[in-house]
Number of protein chains: 2
Amino acid sequence: MNSMLRQRRRRKPQKGGIEDTVASKPNGVPVLRMEDVARLAGVSVMTVSRALRTPPAVAASTLAKVRAALEETGYLPNLVASGLASSRTQVVAAVIPLISQPFAPTLQSMSDVLRRASYQFVLGVSHYDPLQEEALVRAFLSRRVDGIALFAGGHTPQTIAMLEQAAVPLVEMWAESATEFIVDAVCVPQRQGAQDVVRHLLARGRRRIGFIGGSTRHNIRAQARISGYLDGLAEAGLPHDPAACEEATHFLMEGGAAALARLLERRPQLDAICVASDILAAGVVFEAHRRGLSVPRDLAVAGFDDAEIARSMYPALTTIDMRAEEMGTRAAEMLLERASQSIRVDLAAMPSRMHDLGYTLIVREST
Amino acid sequence: MNSMLRQRRRRKPQKGGIEDTVASKPNGVPVLRMEDVARLAGVSVMTVSRALRTPPAVAASTLAKVRAALEETGYLPNLVASGLASSRTQVVAAVIPLISQPFAPTLQSMSDVLRRASYQFVLGVSHYDPLQEEALVRAFLSRRVDGIALFAGGHTPQTIAMLEQAAVPLVEMWAESATEFIVDAVCVPQRQGAQDVVRHLLARGRRRIGFIGGSTRHNIRAQARISGYLDGLAEAGLPHDPAACEEATHFLMEGGAAALARLLERRPQLDAICVASDILAAGVVFEAHRRGLSVPRDLAVAGFDDAEIARSMYPALTTIDMRAEEMGTRAAEMLLERASQSIRVDLAAMPSRMHDLGYTLIVREST
DNA sequence: CGGCATCAGGTTAGCGCTATCACCAAAAGC
DNA sequence: GCTTTTGGTGATAGCGCTAACCTGATGCCG
């Protein structure tokens with residue numbers, strides 16, 4: 001019964017061609033169309049389309065017929081065509097700087113929320129490079145995604161211009177302050193969080209507290225965290241020693257380890273390190289052990305993000321829980337809200353929103 | 001000069017409607033079309049389309065005019081429409097079981113190769129759940145991706161049926177043996193690798209060697225690795241003690257830690273553990289430290305994958321380098337080869353290929 | 001029993017591109 | 001000098017689906 005479905009015309013010859021109705025593969029493989037399902041179910045194409053909607057918009061008896069035909073043919077709707085016709089692709093994209101730990105729970109919860117709303121979630125990785133981010137944003141806009149979540153800081157002017165012109169629902173994650181072009185933002189008071197870490201270290205009797213962060217040039221998050229560290233020192237009346245701060249070259253454990261090595265060369269007397277990410281902090285702890293320093297006895301180490309490794313490693317890391325999951329949930333909800341409205345309502349009509357999630361200091365063994 | 005571009009008709013009224021040619025937003029935001037660029041450049045739409053190809057297929061003088069108009073308008077081609085018209089989306093999808101370490105380098109190299117061929121690379125995460133994998137494959141096929149890379153084992157019959165019917169270029173990563181429906185596969189002799197790990201531990205004088213792996217039910221890779229472990233024991237004439245083997249409930253460090261705890265409860269005398277992944281192995285090492293065991297003095301630990309944490313942690317992990325990067329490169333190349341041919345050549349015409357990459361045992365501090 | 005909602009489903013006309021062919025010069029061959 | 005090749009460009013017809021409209025059948029009221 002499959003062969004009768006394959007009846008399909010090729011592109012109609014422009015002038016005086018012979019009508020060929022032979023069932024064959026013009027090129028590549030014949031893929032079923034809605035028309036094939038409709039013929040089998042004895043209804044029109046439009047009815048199949050309506051039956052495929054959520055919720056189905058046809059009578060129960062019709063729905064049953066269509067479902068049967070769907071099953072029998074194994075039809076997969078062509079969402080490319082659907083996207084063109086409806087100008088909604090049902091895809092939301094995220095641009096992340098790196099495939100790794102701290103983003104996983106956020107992405108997971110975003111994906112869950114979006115799937116429930118029958119949106120698909122796709123990822124692009126920018127490697128903290130604003131030009132790669134620009135290329136990704138361009139690609140996603142060209143594919144007419146219904147929303148974009150930006151995880152990294154550091155957008156090029158071109159990126160911003162494209163996003164403005166496209167007026168796509170947009171949410172910036174880990175925003176420190178709302179940039180004007182950003183439509184929505186989910187943020188956490190990172191600066192304050194870093195300050196709390198310093199307070200905690202001070203309360204534990206540490207006075208020679210160093211800092212290891214990412215590059216402040218491209219990374220807004222890194223800037224906020226070092227500012228919080230400085231706030232904490234200032235509050236206690238301690239002087240800021242630039243030589244007690246170090247930038248990791250990349251956001252991997254090795255980067256943290258290397259940064260600690262450089263730092264200790266200059267300031268061997270440090271008794272605590274405030275680190276801008278758990279991954280880096282893990283590297284710092286490993287490097288400390290490698291040098292025969294005990295953590296936390298000789299050196300207290302605190303991280304940031306509450307990534308999986310923070311709970312799992314030994315000693316477990318003191319860190320700041322940034323509400324990673326909740327952040328993903330909220331971001332997805334904000335995107336969906338805009339995506340569902342953007343058909344009729346001008347985006348500018350809904351003002352920018354900034355959603356602050358708070359944070360929690362989690363004290364563990366490393367301090 | 002922008003206002004003159006906005007001239008755009010809405011869906012033509014079916015009967016007796018007033019022709020409105022007012023520049024306005026019918027719904028949502030007006031997005032530029034190729035026609036707008038063409039008008040500005042004083043050429044036809046088709047010429048713009050040709051100028052946008054790589055390489056451009058128009059005369060140099062025309063190309064310059066089109067480029068100027070492109071620049072002036074900030075036009076972003078609609079790849080949804082392009083995909084429908086050409087039946088090629090220029091997208092390759094990967095289904096990964098988990099956002100984490102061991103896959104990152106492979107994904108990175110795949111993405112690089114694909115980008116160079118001007119394909120986009122998108123990710124879906126299945127969480128080791130065959131049903132989620134099925135849903136992802138269905139979604140990707142519905143979006144008519146030009147190729148799929150499958151990272152996890154455990155495909156449902158429906159998944160296989162869909163992939164067969166769609167006849168999309170496909171590559172299975174970390175395949176242990178070619179399943180018949182798989183078009184191409186990139187594999188590493190994991191079983192042999194695991195056996196080599198056991199040989200190494202035996203050479204170090206260990207005799208009471210335990211094993212910690214993932215669930216063998218859904219994960220083909222896990223099965224191969226435990227088989228290699230058993231081969232190694234058998235080769236040395238050592239008995240297989242089922243109580244010295246444990247399955248981690250999930251592929252995170254916590255899973256490894258918990259598995260070691262269970263294992264030591266039954267067999268406290270173990271002097272070495274062969275672990276099926278570096279992430280799990282890191283958890284095992286942390287748990288050993290937590291229990292006051294020194295690694296490697298009291299307990300030698302070997303991992304698998306050569307993930308970043310294996311080099312960075314202290315003690316650094318002995319592991320098997322699975323050629324993660326090369327695997328991604330080869331997989332992408334195989335996909336591209338099929339994708340470029342699938343237009344005219346029947347997929348069945350090009351036989352299944354299996355590309356074996358080998359492996360290397362990397363001995364570090366943990367053994 | 002006519003009139004007017006209401007609803008299910010069909011009909012039509014695109015969505016914004018690209019494949020394909022038609023066409024027209026200019027270059028090349030006999 | 002005329003046909004053949006080119007190489008560049010334009011006109012046209014879809015790709016497979018959905019929005020918007022339209023029809024026809026039903027129900028319900030006065």
Side-chain angles (χ1 to χ4, degrees), chain A residues 8-17 26-28 30-39 41-54 56-66 75-90 141-144 343-344, chain B residues 8-17 26-28 30-39 41-66 75-90 142-144 343-344:
Chain A
R8 99 175 315 190
R9 70 183 169 294
R10 61 182 71 190
R11 275 161 187 272
K12 202 189 292 175
Q14 195 144 20
K15 269 177 193 169
N27 51 9
V31 178
L32 291 174
R33 294 158 306 158
M34 227 176 233
E35 191 190 319
D36 303 312
V37 178
R39 195 182 317 126
V43 297
S44 76
V45 191
M46 202 55 227
T47 301
V48 178
S49 172
R50 283 194 265 251
L52 250 25
R53 279 215 251 289
T54 40
V58 292
S61 59
T62 315
L63 184 58
K65 283 191 293 181
V66 174
Y75 169 74
L76 282 180
N78 183 332
L79 296 184
V80 179
S82 165
L84 179 59
S86 65
S87 26
R88 325 180 85 266
T89 50
Q90 300 281 116
L141 290 179
S142 288
R143 296 195 189 284
R144 300 296 187 261
I343 300 186
R344 301 239 148 263
Chain B
R8 99 175 317 191
R9 69 186 170 293
R10 62 182 71 190
R11 275 163 186 272
K12 203 189 290 176
Q14 194 145 21
K15 269 179 193 167
N27 50 8
V31 177
L32 292 173
R33 295 158 304 160
M34 226 175 233
E35 192 190 318
D36 303 311
V37 178
R39 196 182 315 125
V43 297
S44 74
V45 197
M46 205 51 230
T47 300
V48 177
S49 172
R50 283 194 266 252
L52 251 25
R53 280 215 250 291
T54 43
V58 292
S61 58
T62 315
L63 184 57
K65 283 191 293 181
V66 175
Y75 169 73
L76 282 180
N78 183 331
L79 296 183
V80 179
S82 165
L84 179 60
S86 65
S87 24
R88 325 181 84 265
T89 50
Q90 300 281 115
S142 288
R143 296 195 190 283
R144 301 296 189 261
I343 300 186
R344 299 241 149 261

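Numbered from 1 within each chain, the chains take letters A, B, ... in sequence-line order.
- For A:Arg33, the listed nucleotide lying nearest its side chain is D:dC17; candidates were D:dC17, C:dC17, D:dT18.
- Contact check, A:Tyr75 against D:dG16: no side-chain N or O comes under 4.0 Å of OP1 or OP2.
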Could you pull out all donor-acceptor pairs under 3.5 Å where a side-chain atom in residues 41-52 of chain B meets a protein atom, sequence neighbours excluded?
{"residue": "B:Ser44", "atom": "OG", "partner": "B:Met46", "partner atom": "N", "Å": "3.4"}
{"residue": "B:Ser44", "atom": "OG", "partner": "B:Thr47", "partner atom": "N", "Å": "3.4"}
{"residue": "B:Ser44", "atom": "OG", "partner": "B:Thr47", "partner atom": "OG1", "Å": "3.2"}

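- Using a 4.5 Å cut-off on side-chain heavy atoms (C-beta onward), A:Val58 and A:Arg53 make no contact.
- Axis deviation across the helix from C:dC1-D:dG30 to C:dC30-D:dG1 amounts to 40°, comparing end segments of five pairs, rounded to 10 degrees.
- For the segment residues 44-54 of chain B, residues with any heavy atom less than 4.0 angstrom from an atom of DNA chain D are, sorted by number, B:Ser44, B:Met46, B:Thr47, B:Arg50.
- Listed by chain and number, the residues in a side chain to side chain contact (heavy atoms under 4.5 Å, CB included) with B:Ala64 amount to none (sequence neighbours excluded).
- Nucleotide C:dT18 holds its P atom 13 Å from the CZ atom of B:Arg88, rounded to whole Å.
- As a whole-Å value, the separation of B:Arg144 CZ from C:dC17 P is 21 Å.
- Summarising the geometry, the separation between CG on A:Asn78 and C1' on D:dG16 is reported as 6 Å, rounded to the nearest angstrom.
- Atom CG of A:Leu84 and atom P of D:dC17 are 12 Å apart (whole Å).
- Here the nucleotide nearest the side chain of A:Ala85, chosen from D:dG8, C:dG16, D:dC17, is D:dC17.
- Across C:dA8, D:dG16, D:dT18, the shortest atom-to-atom separation from the side chain of A:Ala59 is found for C:dA8.
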